[in-house]
A.B. asks: 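Here it is, the structure in full.
Indexing begins at 1, ligand by ligand and atom by atom, following the structure's order. Predicted model only: the values in this text are computed from it and were never measured.
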Amino acid sequence: MPLTQQQLLGIATEYGTPVYIYDAGHITAQYQRLRNAFAKTDTRFFYACKALTNIHILRHIKNIGCDVDCSSINEVKLALHAGFEPGTILYTSNGIHFSEIEEAQRLGVRINIDSLSNLEKFGKKYGHSYPVGIRLRPNIMGGGNLKVSTGHDKSKFGIPVDQLDKILALVSAHDLFIQNLHIHTGSDIKDVDIFVKGIDVLFDIIPHFTELESVDLGGGFKVPYKEGDPETDIERLAQKVAEAFANHPNPNGKHLQVWFEPGKFLVSGAGYLVTEVNVLKETAATTFAGVNSGFNHLIRPMFYDAYHRIENLSNPTGAKKTYSVVGNICETDTFAWDRELNEIREGDLLVFYNAGAYGFEMSSNFNSRFKPAEVLVENGEARLIRRRDVFEDLLKNQAL
Ligand SMILES: *Cc1c(COP(=O)(O)O)cnc(C)c1O
């Protein structure tokens with residue numbers, strides 16, 4: 001059950017706006033959906049925490065039995081801080097200095113390496129002593145748009161599969177223990193066949209890695225942003241994955257566990273951004289509703305042309321009118337153009353749905369505005385999990 005408008009209104013009134021509100025129950029339900037769908041396959045899920053890293057979210061993820069995938073050494077440290085065991089943390093690196101890989105090794109976490117040069121350095125330093133994964137670039141176009149597509153043949157991510165010979169030469173020269181093969185083709189992948197294509201690419205490569213224990217298919221499950229919006233058919237995907245692995249027994253005899261790294265799927269629908277309308281401005285082109293937020297708090301509409309459903313919490317039964325909802329940043333800052341909403345009055349609270357993933361996480365202090373507060377609702381109780389910035393936060397790292 002999503003949070004009701006009444007609950008959101010109550011919380012936003014108590015904690016002030018703009019505020020991010022997260023529903024822990026939704027995260028649990030999404031995780032259960034995955035577990036149920038993949039019940040027939042030996043599967044492990046690592047939450048791609050770059051979507052939302054508040055440590056209270058991480059703790060909830062850990063409590064429901066999900067593991068965690070990190071995109072930086074600081075995310076690794078946040079996960080450790082939140083209580084994850086090193087063996088349940090995966091660091092899928094991209095373009096990082098080798099020293100970060102050394103640090104991850106010292107911390108004892110799982111590592112996916114994404115360049116030949118780091119793989120060589122790793123081999124020279126650790127040889128067979130520390131198991132490691134390889135991030136491959138499968139040369140497949142996947143994902144909602146080019147900005148979130150990561151597996152195609154011009155993408156910076158992973159080692160291109162056409163360089164398999166070079167990978168194998170390094171593995172052999174340094175007796176590397178390759179435990180995992182990883183691909184992640186992008187975000188907003190609604191087409192299950194993209195995953196199947198990725199699996200097909202992997203099946204050609206698996207026989208070369210005799211010590212392999214897992215195959216990591218990344219994240220990128222699409223969630224619906226509005227009524228009728230397509231989403232990744234998780235059940236069909238699970239069926240396809242089960243069939244594919246049944247048809248391709250590992251020639252090396254070892255059982256392969258299947259890993260996924262869902263980010264958006266777990267937290268997108270769990271998050272709500274509630275804002276207050278500062279000004280109404282009628283113009284010949286449209287009626288603007290200007291809110292006390294902007295792309296400094298939720299960049300997805302401006303950055304990805306993403307659609308976020310909006311509702312007027314303060315006037316849920318008001319007559320429908322057309323508005324353009326805009327932010328207060330001194331740059332074009334449009335959340336929605338010509339959107340039908342219940343009549344808006346200045347002071348009304350508007351909620352943006354699907355704000356859990358890449359919302360707060362991509363926020364900034366642009367225009368020297370404060371970042372919003374974050375509130376978590378768990379077992380019916382709301383509590384503050386990050387206070388709103390205060391003026392001192394803007395100055396705290398600047399020389400006196
Ligand atoms: C971002 C990312 C994910 C998660 O993508 P979603 O679209 O949020 O599911 C998974 N794996 C890696 C390596 C990523 O960089």
A.B. asks: Is the Y358-F303 ring centre distance short of 6.0 angstrom?
C.D. replies: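 Here the rings of F303 and Y358 have centres that are no less than 6.0 Å from each other.
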A.B. asks: So F335 and F352, would you call those rings parallel, tilted or perpendicular, with 30° and 60° as cut-offs?
C.D. replies: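 Geometry flag for F352 against F335: tilted rings.
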A.B. asks: Which of the numbered atoms in ligand 1 are under 4.0 angstrom from any heavy atom belonging to Y358?
C.D. replies: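 Atoms satisfying the 4.0 Å criterion: 1 (C), 4 (C), 5 (O), 6 (P), 8 (O).
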A.B. asks: Provide, to 0.1 Å, the distance between atom 2 (C) of ligand 1 and the closest protein heavy atom, together with that atom's residue and name.
C.D. replies: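 The answer is K50 NZ, 2.3 Å.
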A.B. asks: Determine whether more than 12 heavy atoms belonging to other residues, nucleotides or ligands lie under 6.0 Å from atom NZ of K371.
C.D. replies: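 Yes.
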A.B. asks: Between E340, E343, E282, which is the residue that forms a salt bridge (charged side-chain N to carboxylate O under 4.0 Å, His left out) with K321?
C.D. replies: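 The passing option is E343.
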A.B. asks: If the cut-off is 4.0 Å to any non-hydrogen atom of K264, which atoms of ligand 1 fall inside it?
C.D. replies: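 Per the distance check, 6 (P), 8 (O), 9 (O).
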A.B. asks: I want to know if ligand 1 touches R135 in the polar sense, i.e. an N/O pair below 3.5 angstrom.
C.D. replies: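 No.
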A.B. asks: Do Y225 and Y353 make the cut of ring centroids closer than 6.0 angstrom?
C.D. replies: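 No.
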A.B. asks: Within a reach of under 6.0 Å around NE2 of H128, are more than 12 heavy atoms found that belong to other residues, nucleotides or ligands?
C.D. replies: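 Yes, enclosed.
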A.B. asks: Identify, by atom number and element, the atoms of ligand 1 in contact range of A48, meaning under 4.0 Å from any of its heavy atoms.
C.D. replies: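 Listed by number with element, the hits are 3 (C), 4 (C), 10 (C).
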A.B. asks: Going by the order shown, which atoms of ligand 1 are within less than 4.0 Å of some heavy atom of G263?
C.D. replies: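 Taking each heavy atom of G263 in turn, ligand 1 has 4 (C), 6 (P), 8 (O), 9 (O) under 4.0 Å.
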A.B. asks: Which of the atoms of ligand 1 are close to D69, meaning less than 4.0 Å from one of its heavy atoms?
C.D. replies: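 The list of qualifying atoms is 11 (N), 12 (C), 13 (C).
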A.B. asks: State whether the shortest distance between N or O atoms of S187 and N or O atoms of ligand 1 falls below 3.5 angstrom.
C.D. replies: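 Yes: some nitrogen or oxygen of S187 is under 3.5 Å from one in ligand 1.
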A.B. asks: Does G220, backbone or side chain, put an N or O under 3.5 Å from an N or O of ligand 1?
C.D. replies: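 Yes, there is a polar N/O contact under 3.5 Å.
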A.B. asks: Tell me: protein heavy atom nearest atom 10 (C) of ligand 1, and distance?
C.D. replies: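 Protein heavy atom at minimum distance: E261 O, 3.2 Å.
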A.B. asks: Would you mind telling me which of N54, I21, V19 makes a side-chain contact (heavy atoms from CB on, under 4.5 Å) with E374?
C.D. replies: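 Testing each of N54, I21, V19 against E374, the sole residue satisfying side-chain contact (heavy atoms from CB on, under 4.5 Å) is N54.
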